[in-house]
Protein chains: 2
Amino acid sequence: MSSNAAMAETAALVGDPARACMLNALMDGRALTAGELASVAGITAQTASGHLARLSAAGLLAMERQGRHRYHRLATPAVARMLEAIMMVAGGGPPPARPRRIGPADAAMRNARTCYDHLAGRLGVAIADAMAARGQVELATDGGVVTPAGVEFLTGLGIAPDAGGSRRAFCKPCLDWSERRHHLAGGLGAALCTRCFELGWVKRVPASRTVLVTRAGEAGLRQAFGIELG
Amino acid sequence: MSSNAAMAETAALVGDPARACMLNALMDGRALTAGELASVAGITAQTASGHLARLSAAGLLAMERQGRHRYHRLATPAVARMLEAIMMVAGGGPPPARPRRIGPADAAMRNARTCYDHLAGRLGVAIADAMAARGQVELATDGGVVTPAGVEFLTGLGIAPDAGGSRRAFCKPCLDWSERRHHLAGGLGAALCTRCFELGWVKRVPASRTVLVTRAGEAGLRQAFGIELG
DNA sequence: GGCATGCTTCGGCATGGACCGAAGCATGGC
DNA sequence: GCCATGCTTCGGTCCATGCCGAAGCATGCC
């Protein structure tokens, strides 16, 4: 009975066109700002704010503040699965996975750059994805941990995992500006970045945060992470 | 965009407490009458009627008229999957699969009985389920077909499949009164019923539609269909 | 400090839709 | 034929909620 009410409540949240629009825009796992979501839904910021608050309260969205922006993303994979199941019934079929482009205009910078002391852009996100997919790190919103498999992998790369008590701060997710997804920051991100420079896999573009992946880097990244940057 | 609207519309249908209640009651695949659904939702018949019309129009439910009753059930497995996914997010966990009991009060009659010229009750539904699960028949609302594998199976049982042009009428689903699910009717259902009597698997209770499964029947049904009637 | 930007809260309006009472069709049983 | 039952359609009420304008906090840039 209460199960009925909970189901209805959740479904009703998805049942509003504006909210459905926003959720749909988040289907690819990226995080978008409240303003962007208001824009895609075609409503004003204040209306969107109310919707986002309700979606977060119900556990459909997770929010992360970064400066004066608030980034929203789907709270769990279960939410994405639910939305997909609804679309299936609605006759829309599987999601179209449309390519949207926002963020830094410079293509090279979007591809790979430094963010403070670690790698960001497509390269940074790809490294984080690869390590997470292989169970080498486990990322959470508030922090992350390096698994035993990850320690072994890092050692093989020539990176000494911080054995001290600062394990938690060692692996920290950071929201990527252009990709709107997490990449690795913290001590781990810094160490990976440093090592990539040492190995000659990437090199800096003068007077810029942009970095370029070298020929050796393409091979090395492919071998180490299974990464293929188009 | 239109995909968004369709998703919102579908979700909104589930988003009403009364409708969610009705859909939930249908989660186990049974078919219930409009009156029963109104009752479980705690609303009047006329209100339920409106809800059911909308759910059917949207393709969430399928309707089947039998006498002056109208039986409603989930239109496709995709709808059940969607509801389950929503419940997952709503925190209700997987559906409880509650056992509800309506229909004939007589336990033996609920277990097995004849329906016109074929078997019904738990036995009839179990036979239909078993044959469908094994790909021996393919059941649709308006009719069904016996597959080549089904022909072979029936031959082994000593039943000659009707080789004439009346194949379609040969295999016909019939909505079970107590189980609220389909069992096999038509020529196939009649033949199966006759053969079960011939083999001594079931015998009639005098002056009643109720039939009893014999000891030989328990063994035979288990071997032929993999059926285990608790 | 002052200003701009991003987001939230508050108040009031308006539309949508859930609900029921009453009446209208079907179907089945007598 | 009649009546009972199950369901639907129609009409009207009422509440929930989505929406925006205006104002109020935060944060970042100068």
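Labels below follow one simple rule: chain letters A, B, ... track the order of the sequence lines, proteins then strands, and each chain is numbered from 1.
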Stepwise side chain to side chain contact (heavy atoms under 4.5 Å, CB included) check, A:D16 with A:H51 = CA-CA 9 Å; A:D16 176 78; A:H51 286 316; 3.8 Å; yes

Rounded distance (Å) that lies between atom P of D:dC7 and atom CG of B:L52 | 9 Å

Please give, in whole Å, the distance from C:dC7 P to A:M22 CE?
-> 12 Å

Would you say the side-chain atoms of A:E64 and A:H182 include a donor-acceptor pair closer than 3.5 Å?
-> yes

Test salt bridge (Lys or Arg N to Asp or Glu O under 4.0 Å) applied to A:R181 - qualifying residues, sequence neighbours left out = A:D129

The reported gap from CG in A:L37 to OH in A:Y71 (rounded to nearest 0.5 angstrom) is 11.0 Å

Take the protein atom CG of B:L13 and the nucleotide atom C1' of C:dG16, then report the distance between them rounded to whole Å.
-> 14 Å

Roughly, in whole Å, what's the span from CE in A:M63 to P in C:dC7?
-> 10 Å

Could you label the plane-to-plane angle of the A:H183 and A:H118 rings as parallel, tilted or perpendicular, counting under 30° as parallel and over 60° as perpendicular?
-> tilted

Is atom CD of B:Q66 surrounded by more than 12 heavy atoms (other residues, nucleotides or ligands) closer than 6.0 Å?
-> yes

Please state how far atom CG in A:L32 lies from atom P in C:dC7, giving the value in whole angstrom units.
-> 11 Å

What is the nucleic acid contact for B:A45, judged by heavy atoms within less than 4.0 Å: base, sugar-phosphate only, or nothing?
-> base

Shortest non-hydrogen separation from A:R113 to A:V211 and the atoms involved = N-CG2, 3.8 Å

List the atom of A:A75, the atom of A:G59, and the distance in Å for their closest heavy-atom pair.
-> CB-O, 3.3 Å

Can you name the atoms? Protein N/O to nucleotides 24-29 of chain C N/O, anything below 3.5 Å, with the distance.
none

Using a strict 4.0 Å threshold on nitrogen-to-oxygen distance, state whether A:R81 and A:E84 make a salt bridge.
-> no

Interatomic distance where NE2 belongs to A:H72 and C1' belongs to C:dT8 [whole Å] | 11 Å

Enumerate the protein-to-nucleotides 17-22 of chain D contacts in which both atoms are nitrogen or oxygen and the separation is below 3.5 Å.
residue : atom : partner : partner atom : Å
D:dG18  : OP1  : A:R19   : NH2          : 3.4
D:dG18  : OP2  : A:R19   : NH1          : 3.3
D:dG18  : OP2  : A:R54   : NH1          : 2.6
D:dC19  : OP2  : A:H51   : NE2          : 2.6
D:dC20  : OP2  : A:T44   : N            : 3.3
D:dC20  : OP2  : A:T44   : OG1          : 3.1
D:dC20  : OP2  : A:T47   : OG1          : 2.9
D:dG21  : N7   : A:Q46   : NE2          : 2.7

Please give, in whole Å, the distance from D:dC7 P to B:L37 CG?
-> 9 Å

